[in-house]
Each structure stands twice: as C-alpha cells, then as structure tokens.
Amino acid sequence: MTFQEQILAGIPDVLPQPKPYETEINHAPKRKEILTEEEKKLALKNALRYFEPKHHATLLPEFRAELETYGRIYMYRLRPDYKMYARPISEYPGKCEQAKAIMLMIQNNLDYAVAQHPHELITYGGNGAVFQNWAQYLLTMQYLAEMTEEQTLVMYSGHPMGLFPSHKEAPRVVVTNGMVIPNYSKPDDWEKMNALGVSQYGQMTAGSYMYIGPQGIVHGTTITVLNGFRKIKKSPKGGLFVTSGLGGMSGAQPKAGNIAGCVTVCAEVNPKITHIRHSQGWINEVIENIDELVPRVEKALDNKETVSIAYLGNVVDIWERFDQENLHIDLGSDQTSLHNPWAGGYYPVGLSFEEANEMMANQPEKFKEEVQKTLRRHAAAINKHTAKGTYFFDYGNAFLLESSRAGADVMNDHPTLGREFKYPSYVQDIMGPMCFDYGFGPFRWVCASGNPEDLAKTDKIACDVLEEMMQNSPEEIQQQMADNIQWIKGAQENKLVVGSQARILYADAEGRIKIAEAFNQAIARGEIGYVVLGRDHHDVSGTDSPYRETSNIYDGSRFTADMAIHNVIGDSFRGATWVSIHNGGGVGWGEVINGGFGLVLDGSKEASRRLESMLFWDVNNGISRRSWARNEGAVFAIKRAMATQPLLKVNIPTIVNDDLL
C-alpha cells in the first residue's frame, strides 16, 4: 500500500508480521513491575479492545510478553513500515488542511532524528509520550485523514476517543494528557495507570504535537546562559558552563553554549544519545575519560574557545574532579529528567548505564536509594563550587526538589517564605523577571511545505518585523528585542533544524501577532506555503509550575493552576486549531499543569482574525496574573497592553506600605 493508503486503513484488518526488536534504536528502559496479576489481566483486556476478536488469540501472548519484558504494551507489531518524518502537507490524505497539518506535527514528534525513544512513541524526557501504543497512533492518523471542518477529534491521554460533530470555528483536536484526580497524581499512580493503558505523561510538547527537536529550547537556553553571564558580570568568552543531560530537550544545552560563546561541558551517561547529538552537530567533541577532560577544558579556557564537550559519564564525577583540580566553573546547572527520577531520568554514580538499567527494572527500591545517594553527593559537590563563586541555578527539571527529598543540603531559611531552596530557579532569577513578566516567550512556527526556502523567508519576515518594532519599543524591553534579532539573524548558520522546517524566537504579544500576520499575508500572496504556529508550554501563561514557570510568583498563588486552565479554555474559543492541557511537564507528574495550542495559517482573513484574537489572549492572560502578583515588569506590560486595546480592562494591584504592615 502507498503511504496515503496505509494512513486511511488505520488498524489493518490483516495483522502485519511481528517486527524484530531493533537494538540500534534508542529504546526506553524497562518500566518497573507495578501491576498485580489481576491488574495485568486488565491491562491485556484494555489493549485487546482495539482489535477484532479473531486477533485476540494471536495478540494475547505477544502483549503479555511485552508487558513482562518492558513493563508496557507498546504493540510493536503495528509500528508502520513507512519512514517516520514530517512530510510536506500536500502528501497527507484528508478532507481538511488543518487536520493534515496536525498529522505532519505528530509525525515530526516521532521522527527518529527528533524522538528520544521512537519505537516506544516517546519524544523526550524519558517518558514524554505522543501515544501509549501504536494502535492509538494508527487510529488517530486515520481519524485525522477522515475529518471534515465540521468535526473535532477528542484525545484522552493518547487514546482517540473519536470524531464528534462540531463547527469550523472550533478546534479540530482537543488533547488531554494525564488529567487524573489530584489525590492520584503521585509517580507510582502514573506508573500503574500507564501500565494499564489508561493514562500517559504527555510532557509539555510531546503529547500536544508541538515539539520541534532540541531547537525548541535552544533559544531559551541561549538567553538563560547569556543572562547568567550578565548576572555575574562576565563575558561568556573564556567562561565555563557545566551541566548534564543530552537527551531530548536537554540536548540543546551545548548548542546554546556555542551560540553564547562559552566553553560548555555536558555530561551524559547514555552512549547512544551522546553519539547521536555528536553526529547531528549539537556537540563538538566527546570525551570518555575524565583524565583527558580536565586538561582539554583547561586548554579551551586558556584559549577562550567556543566549544561544547560531551563527557560520556556521570556529572557528579565532573563536579567532584573539577573541585579537586580547583578548576573554576562560572555557571552550573543540571538538565537531566529529574521529573522522572526512578525510571531513567537520572542515573546513579558508580554504575554503568547497563547496570543502572538492570537495577531500575529489577531492584527499583535499591535503584531509588542509589539515585538519592547520588543526589546528595551531587549537591555536596555543587556547594563546594558555589562557595568558590560558581553561579548555580536550577533549570526547572526538579533537581533541587528531588535533592531536597533525598536529604541533600539544598535548603535555606527565607525570612518570608520559610524553608526555601538555596539556589534560584532560572525562572526566578532570569526568565521570569526578564522575559515572562514582560510577555516574552517561545513563539514557534513550522513551515508545512517542508521547504527550507520557506523557512529562510519566514526568518527574514520575522527579523524585519522585530527590527521595525524595536525602533519604537520602550527601554524596558530593548534588550529582549536585541537578543531576539541577533538570534534570528544567526538561525540559519547555527543549523538548528532537526526534523521539520521549524523556528523559535522569544516575542511578546505584539511581536507574535505582527509576525504571524506578516506570515499570513505572505501565504495569501503565494510567497510561502501554510505555516503552523505554536509555542512551548514553558511560556508566559501556558504553565502553572511552582518550581519553574511560576516560581517568581510570591503572592501565595504558586500552587494554583487557574492560569493554565483559563489559557487553554480561552485559546479554544478564540481560534486555535488544536488545544492541549496536561498534568506533568518538565518538573514531573503531579507538579505542574500546562496548556498549549497549535494554529494553522492559510492566508485567509479568518486566520488573521483568529491569530490576533488568540495570541493576544494567550500572552496577556499570563501577564495579568503576574501583574496581580505584584511583579513590576508585568504591571508595566499589562498597562501597556491596556493602552493599545481599549476592550482590555485588568485589575492592577495596590502596593501596601511595608512599614504599615
């Protein structure tokens, strides 16, 4: 069958032959044994309900074996034979261009060059899933190919519930992931529900079809590193940034370090992902021996090189050895997937990668002990460096949270907040006050034609818009504008594309609307093909996360999630093509609620109306919440928004005199 015929077929009537387990692919680790025998029967019944009874006898032992071997039922047999990548939109079958664009985005999330564990349908973060199994993928693609503009596809944690009657103005797809009852939102609850096949961890942009490879976080990481060096009043040239994690989003760190101009050392324990990042050009060098690493870093610092070095090993060894050698670290962080500490997100020191994976599956309690022991060592080594002047920040991956739970020395007494982490979140110190409060966040677009020339044209359009805006921008946001103009001008030469022809930059509501409208006009003139707009959920208003996105909220509302819920509700009736709401993101299941959207631009007047209405709300919803929390930059930004839009009227907080209190 052709690609189009396979999409339209959905789950085939005649089962394909079982597929060999491809060892050269980066696979998810085995999940821990958590189901009782009766629950395993339930998991099998849940999996078999996708198939006609005539197939049950064939599939039952196969699915049972998958559950025993991997801890999940992935239905490997149903993995498609065609290559998985974002095709040009014209190659997808369908009755609705918006649905075709969503198919493109789904396949991009599962592209082998993009996805962390493509055969397990996991995009990044160790457990950030697009679907729970391959039957869900096949059904979803079939539904999208059949969909009209009078229908909406409803997605329950990877499961396509079905197509429902709708209308043109409604979202084509509504996605939820992991939206469980709050009292059942602990890590083991996820393990059990995921093993049963009834819920999944969609991360932020994996389960909402908006991941664009590591580029998606390169820009934010670059801004963070640049501003980190500004904070310590040092040029990145000749500076040292030490961190860890090369899988998924964390793979952006070395590229960001190169763009900023410093020496970056990034540890990673997984050989496959290390060599993938090296082959993709996201890392300059790979060193496996720490005795070779030390002199190489010293030479790079002496020569003020711009270089990224992957250390194939545990980051704790770097922190401890650099302390012994008195090698000064300027900036330090960590971006392992500590939201997922017991299932492959963080690895204990002193064990090989293979030994750790075996312990994780077969001795989960012992593995947890080793992880927590390593976290205590990790934090102790960091503390030695910060005592010598290193600026360390939590990169929102739950490093400090899990370290505190492990009993590591990472807490201080705060005069008003009580016990608080001794190191700031990068949002508290950098991204929150400098970007989010002013409305600047990760604006993304994907050229649906798949044509690199379209991406180059959109880069120029975006740059022209920003340069024109900067001439009249207030002083408070001049730095943000300048950083983004510099970024977009270097985007092509930095070779950021992995997978789809996509781009990201940070813009406020005005910038996003003007850039999007300029794209839509270019589409109308026939200069470029369709464009898909989106953003990372890690943004001004998409995410309520007390230890990351909303960590610089100090009015006591850090643990509320009204903003994220309102964000996705508001986007859905203001013109989004699809919307998503998730429990769990980069900081862990039960620790965050985040929402996202996708919006297809087709050059029409309707698209212009939708983008203006939706993008204005999408940003200013968050600014208003940040303003109400008395964040100075957000008060400035929401007043500016009200001055430009007479229909906007937002409460401004009255500041209470501390002496009176």
Side-chain angles (χ1 to χ4, degrees), residues 219-220 222-223 226-227 230 259 430-445 447 454-492 496 502-525 527-528 531 533-536 539-541 599 601 603 607-624 626-627 632-648 650:
H219 180 271
T222 302
I223 296 294
L226 284 172
N227 283 314
R230 286 170 184 153
I259 296 170
I430 298 171
M431 300 305 286
M434 295 180 182
C435 293
F436 292 167
D437 284 353
Y438 288 99
F440 282 81
F443 177 61
R444 294 179 174 178
W445 67 90
C447 296
D454 276 10
L455 184 60
K457 289 175 183 176
T458 57
D459 283 345
K460 185 178 187 308
I461 290 169
C463 188
D464 290 346
V465 169
L466 292 177
E467 287 184 324
E468 184 178 343
M469 285 177 59
M470 188 174 175
Q471 294 176 16
N472 300 308
S473 293
E475 183 181 347
E476 287 86 347
I477 61 171
Q478 285 285 312
Q479 184 67 67
Q480 291 92 323
M481 298 293 290
D483 283 348
N484 281 284
I485 290 168
Q486 178 184 344
W487 160 267
I488 200 68
K489 283 183 174 179
Q492 294 283 332
L496 298 164
R503 187 67 75 226
I504 182 173
L505 58 77
Y506 268 41
D508 61 4
E510 180 186 11
R512 299 184 207 203
I513 291 168
K514 286 184 174 178
I515 293 169
E517 179 57 25
F519 289 168
N520 203 47
Q521 293 301 319
I523 297 167
R525 293 191 298 269
E527 295 170 3
I528 58 175
V531 171
L533 299 183
R535 58 161 168 74
D536 192 355
D539 198 1
V540 180
S541 71
L599 176 61
L601 301 182
S608 290
R609 175 178 52 79
R610 289 178 178 182
L611 73 87
E612 183 173 3
S613 174
M614 201 218 74
L615 293 175
F616 185 85
W617 158 259
D618 191 71
V619 176
N620 282 295
N621 167 51
I623 295 176
S624 62
R626 293 169 186 277
S627 166
E632 187 176 343
V635 173
F636 164 84
I638 203 65
K639 285 181 177 178
R640 185 166 172 251
M642 284 192 285
T644 62
Q645 172 51 270
L647 294 179
L648 178 66
V650 172

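No experiment lies behind these values; they were computed from the predicted model shown. Only this structure's heavy atoms are used, side chains among them; waters, hydrogens and symmetry mates stay out.
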For the [atom1] atom of [X] and the [atom2] atom of [Y], what is their distance to the nearest 0.5 Å?
X      : Y      : atom1 : atom2 : result
Ser541 : Asn621 : OG    : CG    : 4.5 Å
Asp618 : Leu533 : CG    : CG    : 10.5 Å
Leu505 : His219 : CG    : NE2   : 6.0 Å
Thr222 : Tyr506 : OG1   : OH    : 10.0 Å
Leu601 : Ile523 : CG    : CD1   : 5.0 Å

For this session: Under the salt bridge (charged side-chain N to carboxylate O under 4.0 Å, His left out) rule, collect the residues that match up with Asp539, sequence neighbours excluded.
Result: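 Partners of Asp539 under the salt bridge (charged side-chain N to carboxylate O under 4.0 Å, His left out) test: Arg512, Arg535.
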For this session: Could you list the residues that satisfy salt bridge (charged side-chain N to carboxylate O under 4.0 Å, His left out) with Lys639, not counting sequence neighbours?
Result: none
Exercise. Within a reach of under 6.0 Å around CD of Gln480, are more than 12 heavy atoms found that belong to other residues, nucleotides or ligands?
Worked result: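 Enclosed.
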Exercise. In chain order, what residues pass the side chain to side chain contact (heavy atoms under 4.5 Å, CB included) check against Glu510, with sequence neighbours excluded?
Worked result: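 Listed in chain order: Met469, Asp508, Lys514, Arg640.
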For this session: Please identify each residue that fulfils side chain to side chain contact (heavy atoms under 4.5 Å, CB included) with Ser608, with sequence neighbours left out.
Result: Glu517, Asn520, Gln521
For this session: Scan for salt bridge (charged side-chain N to carboxylate O under 4.0 Å, His left out) pairs involving residues 480-491, sequence neighbours excluded, and state none if there are none.
Result: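 Matches after skipping sequence neighbours: Arg230-Asp483, Glu467-Lys489.
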For this session: Using the test ring pair (Phe, Tyr, Trp, His ring centres under 6.0 Å), find all partners of Phe443 that sit at least two apart in sequence or belong to another chain.
Result: Trp445
